Student: 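Okay, here's the structure, questions in a sec.
All values derive from a computational prediction rather than experimental measurement.
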Amino acid sequence: MNKNEKYVITINRELGSGGRTVGELLAKKLGVTFYDKAIIKTLEERYNLNAQEIEKLRDRKHNWWDDFKRIAGIGNGLTFNDYSNEEMSRKFDVLTTENVFQVETEILQEIAEEESCVIAGRCGFFMFRNHPNHLRIFIQAPLSFRVSRLINKRQMTQEEALKTIEKVDIMRENYVKKFTGSSRYDTRNYDLVINAEGKTEEKIVQQILNFID
């Protein structure tokens, strides 16, 4: 990756590995913007959608993408302000995981065209597979490390942490397989794979910066 040209760094991570914090710190060190769930917030603000409902869309199977592009003006020169939030909300009551993925992809790719950035999750390794200056990172950790981190960071019990990790692991893996045809654990999808055990987030960031240099 060339830091002297516009670039995008994508970070896939296991829950409890500290990957999100690493992404934030890395972006700060590089002086670029960090994006993760903020993209969901963007959808909520632009289309008057509820973030929790958007996250639940992964289980639904209706199709509204063609209507969305037509009304939202994607690809035909219109702006999102051409339609009121009320109209957007009325027309897009039912969303699907396919459609949210496409919207996220379009917005994130648009962002990456405008600026260098660090993006966590969102199948970034796949979204930007054709980007000419893209660094793909995967951060993982042993289960015991992840459980301990959730207990400390989220004040969970061990049982709660284990159940949460299992649920999120399955959800993320299914999501990645659905849209990329690959596993998020396939190391061929990444340029750098890091085991977070025994490392602080700062040390991981420095490891990434050393790799880039």
Student: Would you please name every residue forming a salt bridge (charged side-chain N to carboxylate O under 4.0 Å, His left out) with Arg146, sequence neighbours left out?
Tutor: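 Salt bridge (charged side-chain N to carboxylate O under 4.0 Å, His left out) check on Arg146 returns Glu14, Asp169.
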Student: Holding to salt bridge (charged side-chain N to carboxylate O under 4.0 Å, His left out), I want the full list of residues that pass it with Lys177, two or more places apart in sequence or in another chain.
Tutor: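 Glu173.
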Student: Rounded at 0.5 Å granularity, tell me how far CZ in Phe145 sits from CD in Gln140.
Tutor: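 One finds 12.0 Å between CZ of Phe145 and CD of Gln140.
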Student: Compile the donor-acceptor pairs under 3.5 Å between side chains in residues 111-121 and protein atoms, sequence neighbours left out, one pair per line.
Tutor:
unit_1: Glu115; atom_1: OE2; unit_2: Tyr35; atom_2: OH; d: 2.5
unit_1: Ser116; atom_1: OG; unit_2: Tyr7; atom_2: N; d: 3.0

Student: Side-chain heavy atoms under 4.5 angstrom apart, residues restricted to Ile, Leu, Val, Met, Phe, Trp, Tyr: same cluster for Val205 and Leu135?
Tutor: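 Yes, Val205 connects to Leu135 through the hydrophobic network.
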Student: Among residues at least two apart in sequence or on other chains, which ones pass side chain to side chain contact (heavy atoms under 4.5 Å, CB included) with Asn210?
Tutor: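 Side chain to side chain contact (heavy atoms under 4.5 Å, CB included) check on Asn210 returns Gln206.
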Student: May I ask you to decide if Val176's main-chain N or O and Arg184's side chain share a donor-acceptor pair within less than 3.5 Å?
Tutor: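 Side chain of Arg184 to backbone of Val176, a donor-acceptor pair under 3.5 Å: no, none is there.
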Student: Once salt bridge (Lys or Arg N to Asp or Glu O under 4.0 Å) is applied, what residue pairs with a partner in residues 202-213 remain, sequence neighbours excluded?
Tutor: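 Of all non-adjacent pairs touching residues 202-213, those that pass salt bridge (Lys or Arg N to Asp or Glu O under 4.0 Å) are Lys3-Asp213.
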Student: Can you tell me how far apart CD1 (Ile11) and CG (Asp36) are? Round to the nearest 0.5 Å.
Tutor: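 Output value for this atom pair is 10.0 Å.
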Student: Under 4.5 Å side-chain heavy-atom separation, chaining through any Ile, Leu, Val, Met, Phe, Trp or Tyr, what else clusters with Ile170? Say none if it is isolated.
Tutor: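 Besides Ile170, the hydrophobic cluster comprises nothing; the residue is isolated.
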Student: Do Asn133 side-chain atoms and Lys6 backbone N/O form a donor-acceptor pair below 3.5 Å?
Tutor: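 It does hold such a pair.
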Student: Calculate, to the nearest 0.5 Å, the distance between atoms CD1 and OG belonging to Ile165 and Ser17 respectively.
Tutor: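 Reported to 0.5 Å precision, the distance equals 9.5 Å.
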Student: Can you confirm whether Val22 sits close enough to Leu25 that some side-chain heavy atom of one is under 4.5 Å from a side-chain heavy atom of the other?
Tutor: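 With C-beta onward as the side chain, the pair stays apart.
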Student: Just grab all the side chain to side chain donor-acceptor pair (under 3.5 Å) pairs involving residues 22-32, residues at least two apart or on different chains.
Tutor: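 Applying side chain to side chain donor-acceptor pair (under 3.5 Å) to every pair that reaches into residues 22-32, excluding sequence neighbours, yields Arg20-Glu24.
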Student: Indicate every side-chain donor-acceptor pair of residues 147-156 with a distance under 3.5 Å to a residue at least two apart or in another chain.
Tutor:
unit_1: Arg149; atom_1: NH2; unit_2: Glu201; atom_2: OE2; d: 2.5
unit_1: Asn152; atom_1: ND2; unit_2: Ser148; atom_2: O; d: 3.1
unit_1: Gln155; atom_1: NE2; unit_2: Asn152; atom_2: O; d: 3.1

Student: Mind jotting down which residue pairs meet the ring pair (Phe, Tyr, Trp, His ring centres under 6.0 Å) criterion with at least one end in residues 104-127? Sequence neighbours excluded, please.
Tutor: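 Every pair satisfying ring pair (Phe, Tyr, Trp, His ring centres under 6.0 Å) with a residue in residues 104-127: Phe125-Tyr190.
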Student: Which atoms form the tightest heavy-atom contact between Ala27 and Phe34, and what is the distance?
Tutor: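 Closest approach of Ala27 to Phe34: CB-CB, 3.7 Å.
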Student: Does Asn195 reach the main-chain N or O of Ala141 with its side chain, forming a donor-acceptor pair under 3.5 Å?
Tutor: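 Checked: no pair found.
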Student: Apply salt bridge (charged side-chain N to carboxylate O under 4.0 Å, His left out) to Glu159 and list each qualifying residue two or more places apart in sequence or on a separate chain.
Tutor: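 Lys163.
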Student: Within the 4.5 Å heavy-atom criterion, are Ile9 and Ile137 side-chain neighbours or not?
Tutor: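 SC-SC contact between Ile9 and Ile137 confirmed.
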Student: Could you work out, with side-chain hydrogen bond (donor to acceptor under 3.5 Å, both in side chains) as the rule, every residue matching Asn130, not counting sequence neighbours?
Tutor: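 Testing Asn130 for side-chain hydrogen bond (donor to acceptor under 3.5 Å, both in side chains), a comparison that skips the adjacent residues, returns none.
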Student: Let me confirm one number: the CG-CZ distance from Asn12 to Arg136, rounded to the nearest 0.5 Å.
Tutor: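 Nearest 0.5 Å value for the CG-CZ distance: 10.5 Å.
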Student: Which distance, rounded to the nearest 0.5 Å, do you find between the CZ of Phe138 and the CZ of Arg13?
Tutor: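 Going from the CZ atom of Phe138 to the CZ atom of Arg13 covers 10.0 Å.
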Student: Please enumerate all residues that pass side-chain hydrogen bond (donor to acceptor under 3.5 Å, both in side chains) together with His134, with sequence neighbours excluded.
Tutor: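 Only Thr10 meet the side-chain hydrogen bond (donor to acceptor under 3.5 Å, both in side chains) criterion with His134.
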Student: Assess whether atom CD of Glu160 is packed by more than 12 heavy atoms of other residues, nucleotides or ligands within 6.0 Å.
Tutor: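 Count over threshold, so yes.
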